[in-house]
Amino acid sequence: MRSRIFPVVMTALGLLLTGLSTGAKSFLTVAVLLLLLLLLCYLSVLRAARTLSIQTRLTEKSVVRGSDVALELRVTYKGLMPVAPIQLELLSMPEMPGEVLRLGWAPGRQQTARIRLHASHVGVCQPGLKRCVVEDLFGMFTYEWVPSNVHSDLLVLPQTFEVAALTFAPGDPGMGTMARATEDVTSPSDVRSYVPGDPMKKIHWKLSLRKRELLVRRFEEPVLPDALVLMDCSRPPAATEEEAADLQDALLETAASIMVSQERSDHVVRLPLVGEHPIELEKGMGMPLVLENLARMDFSATDRFERVLTLELRRMRSVGAVVIITARLSGDIVEAIVRMRRMGPVVRLYLITTVPDAPEMMPFIHRLQRAEVEVCYVRPLRV
């Protein structure tokens, strides 16, 4: 109910009092009509609000960052008399303030609105309806409805880009060593029955004569070293929320690109994510699940990144390549990376920055390069 109703009520009461005092039917008629109008306006808003039904649907449940998706709203209601166009206020999204829509008057019929949304940042957002406003034609009665579940989750996945192939530490067994191991008849680990097509030199003749069946030697294959991807999961250093979102996108997309690039390799690739919901991703999980978990990263880690690097030193014996992804550098982080390189694996650093040649970063970069750490730069890209 708005303040403009009071002049109408006071006018109707004044005319009613005048009509009763003077006996003039014209005053009484106008007063009754005004009161009936107020009643009809109230009942029309109440009827529309009570029968209001709103459904929302996203055309896609997940999209890659930079893509567009459509939000469809279906609205139906019933009414005794016309009401003002129903107002729908949408939830705001990054780079998109809450939009306000006005529907036409169509009681009893379904009205559909289609809104185009742009997925500008990686993560989970909930486009949908924030509130709905129903009012009469004269703006005297207003009903506001705040829905509790008229929204849908939209998963925005990271983009990927081409990255250089990982280099593993010298002494990496590789496929050549594995091939040689299968040919080494002096180190069998087990035997199995002969299968047509097996090389004759692998047949264990003495045991075959004893068992009276052809048996073939089986050999242990050397284990390939792992690749370890370490991403800074704490909030990146930024002056504004928009800059922080751009840096987070670059961090996630760099990690996603590394995982995708190693999808067909024979090495195990691990990506531990720390924070409120820690999880360790592996390429064996499948790229769709890896990308989904990256998109749900909330950068809630509270541990300093140099401490995370120090804790991961225990894995270096089985790791042949380490990829470090961060938007910050400090003396402690650099020393942890150098220590990691000295333990054997080849280390590559992806530094997420908008100013690659910042003077304050150059001493750190030179220190890493002297320690034979490969340094790559990734500039955040807004789409």
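Counting Ile, Leu, Val, Met, Phe, Trp and Tyr side chains that sit under 4.5 Å apart, directly or through other members, V216 shares a hydrophobic cluster with Y194, M200, I203, W205, L214.
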Exercise for the section: Report the C-alpha distance between H204 and K206 in whole Å, list the side-chain angles of each, state the deciding distance to 0.1 Å, and finish with yes or no for side-chain contact (heavy atoms from CB on, under 4.5 Å). Expected result: CA-CA 6 Å; H204 197 306; K206 291 184 178 180; 4.2 Å; yes
Exercise for the section: Could you give me the CA-CA distance, side-chain angles and deciding distance for R341 and E374, then say whether salt bridge (Lys or Arg N to Asp or Glu O under 4.0 Å) is met? Expected result: CA-CA 10 Å; R341 176 67 184 96; E374 182 183 359; over 6 Å; no
Handout entry: Pair Y42-M140, side-chain contact (heavy atoms from CB on, under 4.5 Å): steps then yes or no
Key = CA-CA 8 Å; Y42 173 75; M140 292 183 290; over 6 Å; no
Exercise for the section: Begin with the C-alpha distance, continue with both residues' side-chain angles, and end with the deciding distance and a verdict on side-chain contact (heavy atoms from CB on, under 4.5 Å) for R315 and V322. Expected result: CA-CA 10 Å; R315 302 200 201 197; V322 179; over 6 Å; no
Practice task
Would you sort out whether L52 and I86 count as a side-chain contact (heavy atoms from CB on, under 4.5 Å), showing the intermediate values?
Solution key: CA-CA 10 Å; L52 182 64; I86 292 180; 4.0 Å; yes
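Salt bridge present: E292 and R296 bring a charged side-chain N and a carboxylate O closer than 4.0 Å. The pair E263-K283 does not count as a salt bridge, with every side-chain nitrogen at least 4.0 angstrom from each carboxylate oxygen. Look at R102 and E135 and you find a salt bridge, because one of the NZ, NE, NH1 or NH2 atoms lies within 4.0 Å of a carboxylate O, short of that distance. Using a 4.0 Å cut-off between a side-chain N of Lys or Arg and a carboxylate O of Asp or Glu, R65 and D249 qualify as a salt bridge. One finds no salt bridge joining E306 and R328 here, because no Lys/Arg side-chain nitrogen approaches an Asp/Glu carboxylate oxygen to under 4.0 Å.
The shortest distance between side-chain heavy atoms of R339 and T310 falls below 4.5 Å. Under the 4.5 Å side-chain criterion, counting only non-hydrogen atoms from C-beta, F27 is not in contact with L17. Between F305 and I324, some side-chain heavy-atom pair lies under the 4.5 Å cut-off. With a 4.5 Å cut-off on side-chain heavy atoms, L137 and C41 do not count as touching. Using a 4.5 Å cut-off on side-chain heavy atoms (C-beta onward), I54 and W145 make contact. V156 places none of its side-chain heavy atoms less than 4.5 Å from the side chain of S67. With a 4.5 Å cut-off on side-chain heavy atoms, R270 and S318 do not count as touching. The shortest distance between side-chain heavy atoms of M231 and L252 falls below 4.5 Å.
The structure places CG of L215 at 10.0 Å from CZ of R210, a figure rounded to the nearest 0.5 Å. For the atom pair CE (M287) and CE (M259), the distance works out to 4.5 Å, reported to the nearest 0.5 Å. Rounding to the nearest 0.5 angstrom, the gap separating the CG atom in L309 from the CG atom in D303 is 11.5 Å. Rounding to the nearest 0.5 Å gives a distance of 8.5 Å between CD of E144 and CD of Q87. To the nearest 0.5 Å, atoms CG (L166) and NE2 (H267) are separated by 8.5 Å. Summarising the geometry, atom CG belonging to N293 is positioned 4.0 Å from atom CD1 belonging to I279; distances are rounded to the nearest 0.5 Å.
Taking every heavy atom of both residues into account, A244 and P236 meet most closely at O-CG, 3.8 Å. Heavy-atom minimum distance, A256 versus L291: CB-CD2, 3.6 Å. Closest approach of G344 to A169, counting heavy atoms only: O-CB, 3.2 Å. A pairwise comparison of heavy atoms in P225 and F168 identifies O-CE2, 3.9 Å as the closest pair. Residue M340 comes nearest to V347 through the heavy atom pair C-CG2, 4.3 Å, listed as atom of the first residue, atom of the second, then distance. The two residues D232 and F299 make their nearest non-hydrogen contact at O-CE2, 3.7 Å.
If you check the side chains of S330 and R304, you find no donor sitting under 3.5 Å from an acceptor. Side-chain N/O atoms of Y377 and R379 include no donor and acceptor closer than 3.5 Å.
Within 6.0 Å of CZ in R57 there are more than 12 heavy atoms belonging to other residues, nucleotides or ligands. Within a 6.0 Å sphere centred on CD of E372, other residues, nucleotides and ligands contribute 12 heavy atoms or fewer.
No side-chain donor-acceptor contact under 3.5 Å links S53 to the backbone of T76. Judged purely by atom type and a 3.5 angstrom limit, T51 uses its side chain to pair as donor or acceptor with the backbone of K78. The closest donor-acceptor contact from the side chain of S300 to the backbone of E276 lies under 3.5 Å. At least one donor-acceptor pair under 3.5 Å links the side chain of R348 to the backbone N or O of A164. A donor-acceptor pair under 3.5 Å is formed between the side chain of T59 and the backbone N or O of A70. Between the D136 side chain and the F138 main chain, a donor and an acceptor come within less than 3.5 Å of each other. At least one donor-acceptor pair under 3.5 Å links the side chain of R314 to the backbone N or O of L311.
Linking ILVMFWY residues whenever their side-chain heavy atoms come closer than 4.5 Å, directly or via other members, leaves L251 and L351 in distinct clusters. Residues V373 and V163 fall into different hydrophobic clusters, defined by Ile, Leu, Val, Met, Phe, Trp and Tyr side chains chained together at heavy-atom separations under 4.5 Å. If you chain together hydrophobic residues whose side chains sit under 4.5 Å apart, L271 and V319 never meet in one group. Both L230 and I333 are members of a single hydrophobic cluster when ILVMFWY side chains are connected at heavy-atom separations under 4.5 Å. Under a hydrophobic-cluster definition in which Ile, Leu, Val, Met, Phe, Trp and Tyr are linked whenever side-chain heavy atoms come within less than 4.5 Å, directly or via other members, V269 and L294 are assigned to the same cluster.
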